[in-house]
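Step one of this worksheet: look at the structure below.
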2 protein chains.
Amino acid sequence: MVDGENAEAPKDFETLRALIIERRATLPKRLAQVAIYALDNPDEVAFGTAASVAQSAEVQPSTLVRFAQSFGFQGFSDLQDVFRARLRERVPSYDERIERMRQHGITASRSNLILDGFLEATEQSVAGFRSGADRDALDRAVDLLAQAHTIYLIGLRRSFPITSYMSYAMGKLGVRNILVDAVAGMASEQAGFIGDKDAALAISFTPYANETVSLVGSAKARGARIVSVTDSIFSPISAPADVLIEIGEANFEGFRSMAATMAVAMALSVAVAARRGGG
Amino acid sequence: MVDGENAEAPKDFETLRALIIERRATLPKRLAQVAIYALDNPDEVAFGTAASVAQSAEVQPSTLVRFAQSFGFQGFSDLQDVFRARLRERVPSYDERIERMRQHGITASRSNLILDGFLEATEQSVAGFRSGADRDALDRAVDLLAQAHTIYLIGLRRSFPITSYMSYAMGKLGVRNILVDAVAGMASEQAGFIGDKDAALAISFTPYANETVSLVGSAKARGARIVSVTDSIFSPISAPADVLIEIGEANFEGFRSMAATMAVAMALSVAVAARRGGG
DNA sequence: TTTCTGCTGGAATATTCATTCCATTATTGG
DNA sequence: CCAATAATGGAATGAATATTCCAGCAGAAA
């Protein structure tokens, strides 16, 4: 095996794509055939086995291996990883970023790499939510909240920034709300006044804060309607919810982006105000 | 093998998802664990091997097979096919995304139009910041904050969600910080202990809260270093700043997106922790 | 408490799969 | 036209993977 080629194996799909296009003209017949097929059917390459891809592309499995090796990969499997990563839409980790940078010969400080990671996670969260969001659920949530006498905002720990923003925005917009902020351990007292004319907006992500869960439970028991914003249908605040808004945020180095959640929070605040204002 | 079960194996992801949700409550412990993992991490299930998925979900590979069979599949591989099919359908191509947007736009409710507005503002903010950010300033900010004994987080009103998030994150990461939250009007008392070994991170946007401005002033007077995150060089917290991070957020209906600011906040928290941790 | 049923973990097995190897076929240069 | 080199097809190999099986265990019923 020629180790010299190994170094140049692209790690991200765009680089690989560019390289394939660049070298396609100089490739032998069967390899060119693979090149065309791979770029035309990236999903097949990502999901298929060497045998199945070979059959679709009308070459031998061994040709696929050679193709991969001619681009510096160790075998077909390594090449396939790049095609899969593209579909996965995963934010590259800090280590992968460094590796990619090294390949491109550029340098950035560690701080800036981290920043880029979070910016990318933000973009991915928004893009993902845009295509996968339950648009109808948002409408129902706005309906429900607009009809409530008072909106109780429940969100602790990492969700607290969201609810505190909503409290600020709703206050500005004249929407009656109570921010359950658990200052001085008074959360249950704050939520104790909730009634059947009211609604609770609960926000919680893994690992779900116990207090949020129990607050939602008691709000439900007191007859309030519940809107839950959470990350899973199996979240403990999903079951008691009248309306469920599911948000799968991308994360970087274990820290969840909150961009999509924040956008939803803003939209809810403004839409509820508009609905109430005779919109 | 019981053929009776084979007939009910769902062929599309949505049906499978619904079935899993429906039956989860009656599922044995480990199988329920798989159910939660699978729906929360569909991408992993689609791409991984039985062994890798099992490890992530903290079960045995055989449990995965049992799980699949309990839903009428022949084995894990068949179940995986459904998860892969889902990814094939959800092509994240840009053109399709725009097309889908346009289709949504026609029939979208008012609430969803508002949501789209905020999502767009988020993307615009991030894109704008990405190209125009002062990368060097970020490095200097991290340096400065990493050297501080205690970091005072100053941000009121709409900036409070950001500082409260940073306080949460830094707390988790073991970075000594004080959130100046002005509860009970105690802001100046909280900030009164700041000294020349400390640093203040101030966040403020138009219209700049008076209290934030004066807090920054007194922190400066007491010898603390200042990092300001704001929207303009002419902001009242720009002048006293040792490091200035300028963020021009896009806004929708008068509400500024906070996505870029949030990403910077997360990056600062993590980068400072990393620097301190001997990175 | 005892028995029984069903769940779970982990090793053993069988299958699928990527890769390698080599004989054969095409292509290029003299 | 011939020799030399590269490319190709396809079978053989070895690794990785899913699946099966069984013993041990936990929880429910008697």
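Bear in mind that the values here come from a model prediction, so they are computed numbers and not experimental data. Per chain, numbering begins at 1; letters A, B, ... match sequence-line order.
If you take OG on Ser125(A) and CE on Met262(A), they are separated by 13.5 Å, rounding to the nearest 0.5 Å.
Regarding Glu58(A), its CD atom lies at a distance of 15 Å from the P atom of dT8(D), rounded to whole Å. Between Phe67(A) atom CZ and dT19(C) atom P the separation is 14 Å, expressed in whole Å. The distance between atom CD of Gln74(B) and atom C1' of dT20(D), rounded to the nearest whole Å, is 13 Å. At whole-Å resolution of the value, NZ in Lys29(B) and C1' in dA26(D) are 10 Å apart. The CZ-P distance, from Phe76(A) to dT20(C), rounds to 14 Å in whole Å. Per the geometry, CZ belonging to Phe47(A) stands 16 Å off P belonging to dC17(C), to the nearest Å. Leu27(B) has its CG atom 15 Å from the P atom of dG6(C), to the nearest Å. Distance, Leu64(A) CG to dT8(D) P: 12 Å, rounded to whole Å.
Phosphate contact (OP1/OP2 of dT8(C), side-chain N/O of Gln33(B), threshold under 4.0 Å): absent. For the OP1/OP2 pair of dT19(C) and a distance below 4.0 Å, the side-chain nitrogens and oxygens of Ser77(A) include at least one atom meeting the criterion.
Of the listed nucleotides (dT8(C), dA18(D), dA18(C)), dT8(C) has the atom at the smallest distance from the side chain of Leu31(B). Each of dT19(D), dT19(C), dG9(C) was ranked by its minimum atom distance to the side chain of Val65(A); first place goes to dT19(C). Distances were taken from every side-chain heavy atom of Ala51(A) (C-beta onward) to each of dT20(D), dT20(C), dA18(C); the shortest belongs to dA18(C).
A salt bridge is defined here as a Lys NZ or Arg NE, NH1 or NH2 lying under 4.0 Å from an Asp or Glu carboxylate O, and Glu246(A) with Arg17(B) meets this definition.
Below the 3.5 angstrom threshold, one finds a donor paired with an acceptor across the side chain of Arg66(B) and the base of dG9(C).
Between Tyr168(B) and Phe160(A), the distance separating the two ring centers is not shorter than 6.0 angstrom.
If you check every strand for non-hydrogen atoms under 4.0 Å, Pro28(A) touches sugar and phosphate atoms only.
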Salt bridge (charged side-chain N to carboxylate O under 4.0 Å, His left out) between Arg30(B) and Glu58(B), worked out: CA-CA 9 Å; Arg30(B) 284 289 121 103; Glu58(B) 294 174 4; over 6 Å; no
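Scanning for salt bridge (charged side-chain N to carboxylate O under 4.0 Å, His left out) contacts around Arg158(A) gives an empty result, with sequence neighbours left out.
Using a 4.5 Å heavy-atom threshold, the side chains of Thr15(B) and Asp12(B) count as touching.
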Under 4.0 Å protein heavy-atom contacts per nucleotide of nucleotides 11-16 of chain D, with B for base, S for backbone only and - for none: ------
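Side chains of Asn41(A) and Ser56(A): a donor-acceptor N/O pair is absent below 3.5 angstrom, by distance only.
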